[in-house]
2 protein chains.
Amino acid sequence: MQTRRRIPEATVARLPVYLRILSEQFDIDVTKISSEELAELAGVNAAKVRKDLSYLGSYGTRGVGYEVEFLVYQIRRELGLTHNWPVVIVGAGNMGQALAGYNGFGDRGFTVGGIVDIDDAKVGSVVGGVRVRHLSELTQVVEARNISIGVIATPGLAAQGAADALVAAGVTSILNFAPTVINVPPGVSVGKVDLAVELQILAYHEQRRINAAKGSSLVSVPGESRRRASA
Amino acid sequence: MQTRRRIPEATVARLPVYLRILSEQFDIDVTKISSEELAELAGVNAAKVRKDLSYLGSYGTRGVGYEVEFLVYQIRRELGLTHNWPVVIVGAGNMGQALAGYNGFGDRGFTVGGIVDIDDAKVGSVVGGVRVRHLSELTQVVEARNISIGVIATPGLAAQGAADALVAAGVTSILNFAPTVINVPPGVSVGKVDLAVELQILAYHEQRRINAAKGSSLVSVPGESRRRASA
DNA sequence: GAACGTTTGTGCACGTTTTCACAAGACGTC
DNA sequence: GACGTCTTGTGAAAACGTGCACAAACGTTC
Ligand SMILES: NC(=O)c1ccc[n+]([C@@H]2O[C@H](COP(=O)([O-])OP(=O)(O)OC[C@H]3O[C@@H](n4cnc5c(N)ncnc54)[C@H](O)[C@@H]3O)[C@@H](O)[C@H]2O)c1
Ligand SMILES: NC(=O)c1ccc[n+]([C@@H]2O[C@H](COP(=O)([O-])OP(=O)(O)OC[C@H]3O[C@@H](n4cnc5c(N)ncnc54)[C@H](O)[C@@H]3O)[C@@H](O)[C@H]2O)c1
């Protein structure tokens, strides 16, 4: 019982997408949905949807589909979204402020439980309804609200320090916006969002399109032809 | 020749990370580097680094390592970063403004070539040195600077419309910040950055840690024990 | 209650990605 | 120029993820 069935990482990354779609469907009074319909909305294969959902248990009805409300509940439970998670943001610059002021968080299970910065000019100001505290108060902020998730929105050079501070304060999951690889002790999870990396991947595909058009111009028109889509 | 050796998607996603690290090393006068060292800095396995780099060609020297400057050049070339890509941003809200004002772009191969919004109150204002134009001028903006990459920073409900507008304007790669699946015709690449999804993945891991601690509390102390790290 | 259309749940084959393991090549030393 | 040390480049195995295809289960209709 303790280990519980393990869900593949690839599936874990898709469950939030299903969850959002299902919540939206529920809001417009859709009560049941087939794997085919959900797959269409999520931009994936129907078999994949079924296999993903099967990791949660057998909650569909053959010949009918899945009950939307129940599925929402099950995914929430599996992702640990039955309660809201307070998050602490380190770095109150452009990014930190945009995040703190973002309303789309609450709906999806998170609240900004605190925000800290090292710059005295920023400490004390209020962003997104939360007062910016000094980095030195991080542990206090984390403990007061029992926070376990931290977001790094400092410049790259300060990111490792921020990670160390978060870990020292007791945070066990970190989402890193800085374009830097951070090291954390075992038992701490790290996710990253690197804008430039995403753009560079797109640039690669653009480049390939250009090369392909050049290479095949002897044969066909240089219009597009390569497939790849959705997300 | 036209197809050129195809690089696995997983490798394409790591090349930007190597590139950033190598550029940093070059800046501090490191001239050569082994796969072991690069792996350490990138937080991955050394064999993976070697295999990834092998897709670019045999540019290392056995017994010695790789020449940093040459590797930087090769990765840039492969990713299509030998020139700067102008990018157009759709949506000049919090996110769009943070992106437009972000300086870290230029270093990594991109410039903000334009930014558009539908809100007349925002049109005409200047963010990040670029004047916000109206959505209706999108095609004009895209064509004037020959832009092929677009970023969507509108609310979720407007995202599909923004994607359609970008495609109609001639953009062939899109990075989507809105929490919505967008559909595009074949030949157009899409990348997404969904903050809430990333946080929900972390929440899942937190939840598992909690469940594991509960389940094993009969046996061991409820401290951390599960591994997982880096990025 | 049998026949039928529908949709799930999953075994299986396939493709992709990771990791191991080691031969081959480069360099330095004697 | 032979030897030892180091590090690459890459087959081959293992692990992981995807998608097909179909039996099993459900609801409906007659
Ligand atoms: N702005 C963007 O659109 C964007 C896009 C992609 C990535 N990023 C990344 O996000 C991070 C933040 O970007 P930004 O534009 O908000 O930068 P910013 O300079 O506006 O803000 C950084 C903030 O971090 C604070 N800070 C510095 N050192 C700190 C420390 N040790 N502890 C706590 N706070 C500290 C600074 O005082 C400042 O308020 C950067 O790493 C950047 O590369 C930003
Ligand atoms: N702010 C954040 O930290 C954050 C975090 C994660 C995701 N996001 C996502 O990024 C997107 C933008 O967020 P935001 O905080 O900047 O929102 P925002 O409301 O501040 O800005 C949205 C902007 O888009 C413009 N817009 C609306 N419809 C448009 C259209 N059809 N064409 C062009 N422009 C249009 C609006 O006028 C507004 O200026 C949202 O989808 C949000 O979910 C934001």
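Each chain gets a letter, A, B and so on, in the order the sequences are listed, and its residues count up from 1.
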>> Main chain of A:P86, side chain of A:R145: is a donor-acceptor contact present, judged purely on distance under 3.5 Å?
In response: no

> About how many Å separate CZ of A:R108 and CG of A:L19, when rounded to the nearest 0.5 Å?
Replying inline: 7.5 Å

> Partners of B:Y102 by ring-ring contact (aromatic ring centres under 6.0 Å, His included), sequence neighbours excluded?
Replying inline: B:F105

> Have B:R209 and A:S189 got a donor and an acceptor in their side chains that come within less than 3.5 Å?
Replying inline: yes

> Just how far, in rounded Å, is C1' of D:dG9 from CG of B:D52?
Replying inline: 13 Å

> What string of B, S and - do you get for nucleotides 2-10 of chain C, 5' to 3', if B is base contact, S is sugar-phosphate-only contact and - is no contact with any protein heavy atom under 4.0 Å?
Replying inline: ----BBBBB

> What residues form a salt bridge (Lys or Arg N to Asp or Glu O under 4.0 Å) with A:E198, not counting sequence neighbours?
Replying inline: none

> In whole angstrom, what separates A:E9's CD from C:dT18's P?
Replying inline: 13 Å

> Counting just side-chain N and O atoms, does A:N45 come under 4.0 Å of either OP1 or OP2 of D:dC20?
Replying inline: yes

> How close or far is atom P of C:dT17 from atom CD1 of B:I7, stated in whole angstroms?
Replying inline: 12 Å

> B:E37 CD to D:dT7 P: how many Å, rounded?
Replying inline: 8 Å

> Between A:R14 and A:D52, is there a donor-acceptor pair closer than 3.5 Å when you use the side chain of the first and the backbone of the second?
Replying inline: no

